[in-house]
Structures are given as structure tokens and as C-alpha cells.
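Single-structure report; data block below.
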Amino acid sequence: MSGRSERVRGKLSYAEAIREALDIAMDRDERVVLMGEDIGVYGGAFQVTGDLFGKYGPERVIDTPISELGGAGVAIGAAMTGLRPVFEFQFSDFAALAMEQIVNQAAKLRYMLGGAVSVPVVMRFPAGSGTGAAAQHSQSIEAWLGHVPGLKVVQPSTPEDAKGLLLSAIEDPDPVMIFEHKLLYKTKGHVPRGHYETPIGEAALRRIGHSLTIVATSIMARKSLSAAEELARQGIHADVIDLRSIRPIDRETVLASVRKTGRLMCVYEGVKTLGIGAEISAMVAESDAFDFLEAPIVRLGGAECPIPYNPELEKSVVPQEPDILEAARNLVQGRI
Amino acid sequence: MSGRSERVRGKLSYAEAIREALDIAMDRDERVVLMGEDIGVYGGAFQVTGDLFGKYGPERVIDTPISELGGAGVAIGAAMTGLRPVFEFQFSDFAALAMEQIVNQAAKLRYMLGGAVSVPVVMRFPAGSGTGAAAQHSQSIEAWLGHVPGLKVVQPSTPEDAKGLLLSAIEDPDPVMIFEHKLLYKTKGHVPRGHYETPIGEAALRRIGHSLTIVATSIMARKSLSAAEELARQGIHADVIDLRSIRPIDRETVLASVRKTGRLMCVYEGVKTLGIGAEISAMVAESDAFDFLEAPIVRLGGAECPIPYNPELEKSVVPQEPDILEAARNLVQGRI
Amino acid sequence: MASSNMPYAVRAYERRRLADALRKMILIRKFEEAAEASYMRGLIHGTMHLSIGQEASAVGSCMSLEERDKITSTHRGHGHCLARGADLGRMFAEFFGKETGYCRGRGGSMHIADVERGNLGANGIVGGGLPIAVGSALSAKRLGTGAVTVCFFGDGANNEGAFHESLNMAAIWKLPVVFVCENNLYGMSMSTDRSTAVGNISERAAAYSMPGATVDGNDFSAVAEAVDAAVARARAGEGPSLVENMTYRLRGHSRSDRNRYRTKQEIDDWAKRDPITRLFGMLVSHGVMAEGDMAELDGDAARKIDDALAFAASSPDPKVEEAAFYVYAGSGAR
Amino acid sequence: MASSNMPYAVRAYERRRLADALRKMILIRKFEEAAEASYMRGLIHGTMHLSIGQEASAVGSCMSLEERDKITSTHRGHGHCLARGADLGRMFAEFFGKETGYCRGRGGSMHIADVERGNLGANGIVGGGLPIAVGSALSAKRLGTGAVTVCFFGDGANNEGAFHESLNMAAIWKLPVVFVCENNLYGMSMSTDRSTAVGNISERAAAYSMPGATVDGNDFSAVAEAVDAAVARARAGEGPSLVENMTYRLRGHSRSDRNRYRTKQEIDDWAKRDPITRLFGMLVSHGVMAEGDMAELDGDAARKIDDALAFAASSPDPKVEEAAFYVYAGSGAR
Ligand SMILES: Cc1ncc(C[n+]2csc(CCOP(=O)(O)OP(=O)(O)O)c2C)c(N)n1
Ligand SMILES: Cc1ncc(C[n+]2csc(CCOP(=O)(O)OP(=O)(O)O)c2C)c(N)n1
Ligand SMILES: [Mg+2]
Ligand SMILES: [Mg+2]
């Protein structure tokens, strides 16, 4: 839309990139409003909305009471009737309080009403472990929403995508759920200026190799990329796919890579069982790419355990770079 | 416990088998109480509790207000402090209202407290489509709970298992979630008398073949068995595994079968993407059984669509027997 | 001072509007009786919740609504939908699962909606519509449309957390929404005595510093008076209200209800307070209608119902290949 | 009539118990100050919510509790835990993530619990403990244990649906539970003025036909008086109550709070109403203590804290191989 504004500038953090997207969207469209707990003068639990309250005021940056079910429902009702709400959950864990409105209402209304209504709501979920906040503030529950037709679900891993996917989401006529890993908020990267959209449903091939395919989500895409650099020094060359979107999934990008490499590893932070890696694995195993597989499909996911408080324990229950390295080496060297 | 009471008698329906389990458990243990909406004089929306209210009275068969989050939480708090509540959701869809208490509390309390507490609660969820109740009363959301460490999740497909798994669940020191398919309530089968326990975490190999392995859950286990009879007439002999438990999963039974047959098909009613079939497929694809696979792993799951109201549409979005037949034939004849 | 002894409705509305209200109530009754009959004959799939006996609540609560206004409805929502002027044929077509139905056969009775007439939809989740209504009111306020939203819900729904969260937000933000509780004494089998820790649900309004009123929900005029005042208040920017219409469902909760939790006596007593008979009697006694008019109204309604049933019956089913249309924007013709 | 002019606490409790209450309040204060210091020194992971300034609410609310009684606590729960007599060493050990901690290092500050002393646990979910408390009260009633449950929650939590559902169920079933709202004027940055559509949260009690009272939560005696009465009522089988303790957290919500939503003036004003100073002053003025006693109490507390910190620091970390112990019964030694 905003044409030739793709000049690169100083790096922005992931949180700043999100804030910039919100600012741009609010500036171009009066209907965009922000809702959530402590997003006003406090600037958000993770300082994502920052001073947007100062710029747009309480009419458009709306602090909600601690009422996740109701708050999400209000955003949904508002979206049905002309606003474009972006609702921030303080932690993705609290989605558990609002599943009824997200799943039974937002996801299904268009369908149940035979297309007579749209629910263009965006919900943002700070997710993941690594902050010492323990079991009720550290979950990765994107797989729940990825299982729900009617929703779109994305997990940006870079500042550029955080902005572009959010701008896409706000334009989208359907409900879009954005999982933002808390440890990413301070990571920096180049972010194009102005308005641009990163398409929902497209994975990013971040690195090209031939020895194996690594499909990773969110912060695991970064860890996998970094591991892949080290692997390359050891003569193992990975395709690294940052999935970005888990509903819909970019099937073709994954399959094309697996057809080339013959080896697949999925890396994700959510609990391994029934996590996103299960879907990627199954999607490949049922496709024509199956015939190209030279080894079992490896999943590196979170342990079957709530997130513990102790920092060493906490690290031990989600994949870390050394785990990725080791699993990749074993996979390529036929040691599984 | 109740020793030699395994005499076979007239058939019971699935609903009657559940009621019998509740009755036995209440009779042997004063601490067992039932909670849920309209489970008292009304007998439950699906007449599962029936006249237990008449027998045990309002102190032990407790009608709850329409407050799923609070009701589930009360059951959890009661379980932590000495009762053995069995909580009935009127429809599994309403679990969406109680996810916070189920997931953030029941599943995690033992862990978060370092083992200092137990949450021996049982929750029952009438699930699935086929009754014309449309998108908010027909979901199969067991995959959400299957993704949550700290819970146990089962899906009985026969009256015998419905009773045995429920009795196991009530004895279990951890929270057990039972998904009961609504279309199964009236199906009949032999049910042993008295107290017995069907172990949680064990699949049932319902039929022995060699051409392919069908792993199915809940009502799909019945449909698959029936399809397998027809397949046998056509010279295709399936191992049919009724998974019964989706957390934990009986890995060995599935892998042993796949090592034998070399072909795997998963049949489940939940939405295909990120449904239980994804996990089964991935579990096999990452195991040593991978080397025995002679064909891609087929998943027959629900369509990427809420459950529609129109009866023909409703049938079309979940696997039916002819779909199973066709998919199995294609798999065995190498046509996928 | 004679006029002040007249019921509110007679004072407030023109004859035409009073007759129209009665006509709508009769239409709702006949519509549901016809739906029930179709159901019995196996023409309707699934379940169905009839509001027979509650027509004054539906129609009375919508009297002062304008085109721009919105409602959110419930699983027991046929009356709400018709009160806002929905097309009978498209409603029956929906029950029959037809492509011409309001939801193209995908929703059924529990999701009946008529978005063009401001009905944002019935809801299969008890309490599900409450936050949505508040969102609709938030839109109206932000966008300055002047629209008011009427949010219907049952006595059972008042114990859902969504009730509490919704009323609180509506109040702190002074939103133009009217919460209309249709208290028919039971949430399925549970009486409000057993389920609800307060005498009148309207007393809960105080917990949100909003006005609350309990009225005879089978008295069309009383309902209209209370809701009109609440709508005016909302329209004037003074915030939300809670109105409780005391009424009764003469049928069971749904098809599977064996009425074990209430007595035949109670049902009979309430049948005597039939809201249609009462409104008709009032209109006759105030000279708005004549005794003989009822037959004509009944006849009119019956004809409309027959036409609508015929339309629905002859409508096409949705195509099975199109089962997954309308999950996302752009999938499915519109 | 001199005695009736005496504060409730002085009338109701023996000297020993009054001194003990003050001792506990001081211990809580010093404990949290030490935790804060450890946090600053990077010894504590994650986040931490301090209740400095709210000690009278924690200790006053537990005065009439017996061993069999239960409490449910919140994310701001150190005071509640210590009020019930928890071991300081095991608490610090938990903050340090040690195997000797109350949660074996798996829970941290937000999940601190002491089940043996009836503390069913802090909760990271605002409002999460409310239904659990009701469940605990249901157990007590069914099993006839005579136990009362005190349910702590914040002003912010009062807008969660769980609040509404829990109070309603407690009331309809007349359960032995006391809801203690610690109203410190803010839920994170949102003042109750902005978040809550009612003047005093205790007014919401009427929506559940239970008694509600608002007291000065920094006045130990006022808190104890109100909660003791509510506990007695619960114990007598007369059902639940709601008590609102008006108090203030002198620290930020958590480490990341920049206090942008409140003024320094406000904080300073509240600091002048320090509950510890006030209780001590009261005890001195009624001859229960002497001015000079404070130094000894402080010294005692400091020594206990030092010992506890030493215990925690020297305790072993949990083994990484045992990270997934305690997910299910039987996994992990006990
Ligand atoms: C969240 C939720 N819980 C339970 C149900 C099942 N259910 C459908 S209607 C109903 C009773 C609702 O009572 P009320 O709100 O008084 O409405 P009424 O049926 O009396 O019109 C129940 C329990 C549901 N649909 N949604
Ligand atoms: C369900 C839920 N929503 C939001 C949060 C984030 N959060 C933690 S404490 C808090 C404020 C709670 O306010 P209040 O209940 O008044 O307790 P206080 O912190 O003032 O003691 C918030 C919003 C949470 N932990 N859980
Ligand atoms: Mg009702
Ligand atoms: Mg507070």
C-alpha cells in the first residue's frame, strides 16, 4: 500500500516492530483499536504497546479489567460490528480463560451463520518459557488453536515478520492469532519502514542446504538457524524452514525441501506430544515426499512436563541449541 | 478388587455401563461425588447419571449452576481436599469454558507444588458429531487435552471399556479426562459385573490381520472394525487397534503392529490437522518401525471445518465407513 | 388523569404498532408450533428450543429498537429473530437445513441470525452472547452510530462468568447496551431458587451500579415500558441497564425433556397467564382491537406459515462438496 | 464500659497471641525485604510480587484459623503463607529454586504452598484460587471435618468470571468459606475506579445474598474482627461471607513496574499508615508491649531470616534428570 518505503534503517527490536505495526495500522484506519490488560499507561506487561496510549488516548488504547473471557468476547463483538480490535493477552496461558470466545465464537461465527458475518479480530499472545515465570506463565499452546478451523495462527520469529504478519492480520477479514515468544521481544533485526504485509500461510526458507530439512517455529527457528551454522562447519548443511504460520501450513515449502534432503527434523517448544511437530511429521509422512525419506522423522519438542521454575530445569525441558546440533548430527549420520 | 464377578450377563448400553461404574464407585467409596449440570433429577442431558440422584441424593449427586469454569474448579478443589469428584460436562465443547481450571490448575498442581498435592478428579465429556447439534455442540477436542502433561485422557469405544476406564479413572490419583462419543451412549455390549479396572494407557488390539494397521479412536474404532470385516471379505486383513487412551499412548502396541503390517492408517473424528492421528503418525515415523513402512501413513480425520447442521453435510465432514474402506484399499493397493 | 391509568403500551404506541406487536407475537407462537410439528414429523434434525409462552418478552423488548440497533440472542431465539422482522421462509429453510436458510443450512435453530436486521445471532453457548453484545455496544460508541444493543439471555446464563465480566465492562465504559434476562424460572432442570443466590436476578445490577428492574414478562406493556426506558437511557449515553422479564416456557427445555423437575400444576398455572391472550385482552379493553379480530390474525399467521413452510420444503439442500465453504472469507459465494 | 472501647483484638486475644501476630507481621516484612534484596542480587529467577504494606491483612485474616482449616492464596502470597506458620528456610529455598523448597524448586514464588499447614497454594492465575477454595469448603461440608477455608484474592480478581461463579456456588450450597478481598486499589496498573463498576467490592456480596464488609485493611484489629466473625459464621454452618480489606502495596506490582499509574504522594501517604507501626502502637498503648520491644522483635526476625537464607543458599538444586518428576503420582520420591 504505502508503496516504495522499503528502505532499510537501523535495527528495531521485535517489540518495537510490533508497536510500529500497531501505530501504522491505527494511523491509517480509525477502526483499529487496541484492547488488553495494562496496555495503556503501563505500556503492556512486555512494553509492547509502549506509549501508543499517549498518542491515541484511552478511546483507542483500551485497558480492560482482568476479564479475559469477557474481554476477548468484547473484541469479537466489536469486530463483528465495525471495529478492528487487536486484543493483547498478557500471557498466552490466559487464553485458557477465553477459549470459549476464541473457539466457539470467533472461529465459528462466519461458518455457523453461512457467511453472513466476519470476525476481523487479532489476538496477540506472549508465549513460551525462559523467563522464570513457571508453569502458568510459560506455556506454548499454539497447537490448540492450530487445531481449530476458522482461525489463522502465526508465530513470527523476526522483527520484520512480527510487523508484517501483524499488519496482514489486521487487514485480514478472519480472526488471526499471533503467538509472540517473550524471549524474542528484545531481539533486534532490520525492519522495513511503512506499511507492508507478510503473507499468512507462507513459510520462510531461511537457509539452504541439502543434508537435512529443519522445520522450526518461533524462537526455535532462531536456535535452529544458529545450530545450522555450526552444523555447516561440521559439513552438515541444513535447509532451515521457519514455519511462521501454523494454520494454514505452507505444505509445499516443507515438502519441496524434504524431497530434496530426504531427512526431516521438526523443532518446537510446545509439548512434544500433539505439538506442531506432530503435524509437520504427519503431513510429510502422508505425502509423496514420504518416498524420499531416508530416515525416520525426528521431533525435538518440549518435555512431557509443565515448565519448571528452577532455571536449569526450565532450560532442560525445551530444546536448546546443543540438542538441535546433536539430533541433527544423529539424523544425518543414521544414528537414530 | 471385587474378585470373581466376571460372569457375563445381558448386554448393557454404553450409558448404562457408565452409570453402573458410577454406582459401584459411589457404593464402595463415600468420597465419590458426582457434579454437573442437570445430572440430578433430570438424569443428565444424555441420561447417563439416570436415577443415581434417587439413590444417593443431592449431597452426592450435585447439580451445578451453569458455571463450567467454577464448577470444574470446585471439583478440583474438592479433589485436593479429600473428595473424589466425577464432573460431567454437558457437552465436551463447554470444556472451552473450563480450560483454565483443567489445564492451569488440575494438570499442573501436583507438579507446581513439587508433589505435595494430588488432584484425583475425573471429568466426563460427551463429545462428537452426528446429532444435528451443529458447531458448538459437536466438537472433538480431545487433542487439546492430550497435549497437556499432568492429565490422563481416554476415549472408550465399548460399554465394557466405558465402565472399566471410568473405574480406573476414579481410583487414579491424577486427573483423568474421559471423552464419551454421544453416538455411543445407546450402543450395547457385554459388560462384566462388579468392580474391574481397564488400565489407562493400554490400547486394545480388536482384530488381527497382516495387510495394514488401522489405529482408531472412540466411535472410529467401531467404524474401523466394521470396515475391516468388509475388507477381509475383499482379501484385505487389517490389524485394528482401538487406541482407548490418548495420554499416555500405548506406543508398543502400535509399533508392534506396524512392524508387522508395514502400513498404517489413523482414523479419528477430530479435525485432521493437529488431531490425534498426527501424533500417531509422527510417533511411528520417528520410531524404528519407520524402517518397516512400505507406504505413506494415511490419516483420515475430520474436515477443516466446524461441524455443520445439515445432516448430509454433517456426515460428510467426518470419516464414514465407506471412506475407511476406500482409504484402506488405496493404501494396500499402493494407490496413494 | 384517565390516560395515566392506561397501560404504558396503549399510551406510548400508535394503534398500528400495537396491532403489529400482537401480530408478531401470534406469528412467533404459530411459527414455533409449526416448527414443533415439523420436528415431530422428522423434518428437522437435531434439537430445538421453543419459546412458547415467552412471546411478550421477545416482542416487548424490541419495541423501541431502530434499524441500526442490534440484538444478541440465545439458543431459545426464534422469538427474538421474528420480533426483529425476520423472514419466516428463511427461518424454516434453516431448520430444514436448506441452502436458502439464514445460515445456508450450516447453523440450524441454535445459530439462527439475521445480520441485516441487526440480529447478531442465537448462540449455542449459554452466556456466549453477552460479551459479544458488549462489543457491539463498544463499536456503536466508538463509531458514533447511536445504535443500542439489546442482549437477551436466560436466568441460567446469569451464573456464567461471562455475565459478570460483561456487565462490569458495559458499566465501566458506559456502553449503550440493555441486558434483558428472560427469567423463565429454570435453566434446563435447575430452578433459579437452586441455582442463583439472589431473589431477583435484577438485584445483581447493583453490583455493576446499573439500574435493574424485574417485570412481569408475560405482560407485553410492562416489558416494553421497562426496556424502552433502558433503551432511551442507553441511547442518551447514560450506560447499560438490566431488565428481568419473569416468564415461563410452556414446553420442555428441548425435545428430550421429561419435565421431571416441575409440576403439571405449575405449567397449567402459567398457561393461564398466556402473554398473547393478555395482550389481546388489553387491546380489546382499550378499544384498539375488537374481539373478532383474533380469527383474522390467526388466519393471516397461518397463511404466512404455510407459505414459508412451502418455500423451505421446496428449497435446495446445500451441496455436500460445499460443506467447507464459509469457514474463511472468500471461500463460498456471497 | 472501658473494655468495649478497647480495640477488638485487645479484647479478643491473649497477649501471647497479639505478640505473635505482631511478630509474624514483622517477619513477613523482613522476609520480603530480604527476598527483594536477593532478587536484586540476582539470586532469584523470574518475577516476584511483594506484599509489603499488606501484612495486617494476611495475619489478621488468619487469626481464628485452626490447624484443620485451609487457605487459598494468590500471586502475592508470601504473607499468607507465613501467617499460617510456614518455614522461612523452605520458602527462601523455593525462591532460590532449590530441592528443599516447598515446591522442590519447581514452583517458585508464584506457587508457594504449604499443604501440611493448610495452605493450598499461591496461584499464578488471577482468580484461579476462588473455585478451588469453594471446592475445599465443599469437601469440608461433605466430609464433616468442620474446616473453614479462607480464600484470598485481589481487587483485580473480582472482575474475573471465576469470582462470580465461585461466590454464587458457595452461597447456594452454604459452604464454610470466607472470601477475603485484599483491595490494594490496583490490579497491576488499573485502579479499581477504572476496573470495577461498584464503589466497594464488598457491595457485590449482596448479589450472592451473603454478608459483605469493608474494613481498614491496615488495621490489624479491624481485619481480625471482620474475618473472625465470618469464620465463626462459616464454622456454624451459616455459609460464606465476603470481607474486603482496604490496603496498599507499597512496592510496585512486580520488578518491571515503573509506577506510572500512581503518584509518589499517594505512596507516601499510605506508607504513613504502615500496619506494623500501627499494630505496635496499639499494643503499646494498651500495655501489651513496651516501646523497647520493637528492637528485640526486629532482631529476632533478622536472625531467623539470616538462618533461613543460609539454609536456602546451601541447599542442593534439583537434579536436571528429575525435571519431569511429580508430573504424575509415583514419579518422583516422596
Ligand atoms: C456453556 C453452556 N453450558 C451448558 C449448555 C447446555 N444448556 C443449553 S440451554 C441450557 C439452559 C439455559 O438456561 P437459561 O439460560 O435459563 O435459558 P432457557 O433455556 O431457560 O431459555 C443449558 C444448560 C450450553 N448450551 N452452554
Ligand atoms: C488470569 C490472569 N490474568 C492476568 C494476569 C496477570 N496479572 C498478574 S497479577 C495481576 C494483577 C492482579 O491484581 P489484583 O487481583 O488486584 O492483585 P494484586 O496484584 O493487586 O495483589 C495481573 C493482571 C494473571 N496472572 N492471570
Ligand atoms: Mg431459563
Ligand atoms: Mg490489587
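By convention in this document, chain letters (A, B, ...) are assigned in the order of the sequence lines, proteins followed by strands, and residues within each chain are numbered from 1.
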- Heavy atoms only, distances under 4.5 angstrom: which of A:Arg299, A:Met99, A:Met283 has the most pairs with chain B? Name it, please. A:Arg299
- Aromatic rings B:His137 and B:Phe94: how do their planes relate, parallel, tilted or perpendicular, breaks at 30° and 60°? perpendicular
- Query: Taking B:Ala96, B:Gly275, B:Ala95 one by one, which has the highest count of heavy-atom pairs under 4.5 Å against chain A?
  - Reply: B:Ala96
- Tell me, side chain or backbone of B:Leu293 under 4.5 Å from chain A's heavy atoms, or both, or neither? both
- Message: Test your reading of the model: is there a side-chain donor-acceptor pair from A:Asn330 to the backbone of A:Arg335, 3.5 Å cut-off?
- Response: no
- Item | Contacting region of B:Ala295 [heavy-atom separation from chain A under 4.5 Å] | backbone
- What residue, out of A:Val271, A:Val298, A:Asp291, has the most heavy-atom pairs lying under 4.5 Å from chain B? A:Val271
- Message: Please classify the contact between B:Val284 and chain A as side chain, backbone, both or neither, with a heavy-atom cut-off of under 4.5 Å.
- Response: neither
- Indicate yes or no: at least one non-hydrogen side-chain atom of B:Phe292 is less than 4.5 angstrom from one of B:Lys260. no
- Message: Return the CD to OG distance between A:Glu279 and B:Ser281, rounded to the nearest 0.5 Å.
- Response: 9.0 Å
- Message: Using 0.5 Å steps for rounding, measure from the CD atom of A:Glu294 to the CG atom of A:Leu264.
- Response: 12.5 Å
- Item | Residue pair B:Asp93 / B:Gln136, side-chain donor-acceptor N/O under 3.5 Å | no
- Which bit of B:Val103 is near chain A, if near means a heavy-atom gap under 4.5 Å: side chain, backbone, both or neither? side chain
- Message: Whether the side chain of B:Glu304 engages the backbone of A:Pro149 through a donor-acceptor N/O pair (distance < 3.5 Å, no angle test) should be reported.
- Response: no
- Winner by heavy-atom pair count (cut-off under 4.5 Å) against chain A, out of B:Gly146, B:Cys266, B:Pro308, B:Ser287: B:Pro308
- Heavy-atom distance under 4.5 Å to chain A: side chain of B:Ala134, backbone, both or neither? neither
- Task: Measure B:Gln139 against the heavy atoms of chain A and call it side chain, backbone, both or neither at under 4.5 Å.
- Result: side chain
- Please name the pair of heavy atoms, one in B:Ala72 and one in B:Ala98, separated by the smallest distance, quoted to 0.1 Å. CB-CB, 3.9 Å
- Note on the structure: Highest number of heavy-atom pairs under 4.5 Å with chain B among A:Gly277, A:Ala107, A:Ala285 belongs to A:Ala285
- Query: chain A heavy atoms under 4.5 Å from B:Leu69: which part of the residue, side chain, backbone, both or neither?
  - Reply: side chain
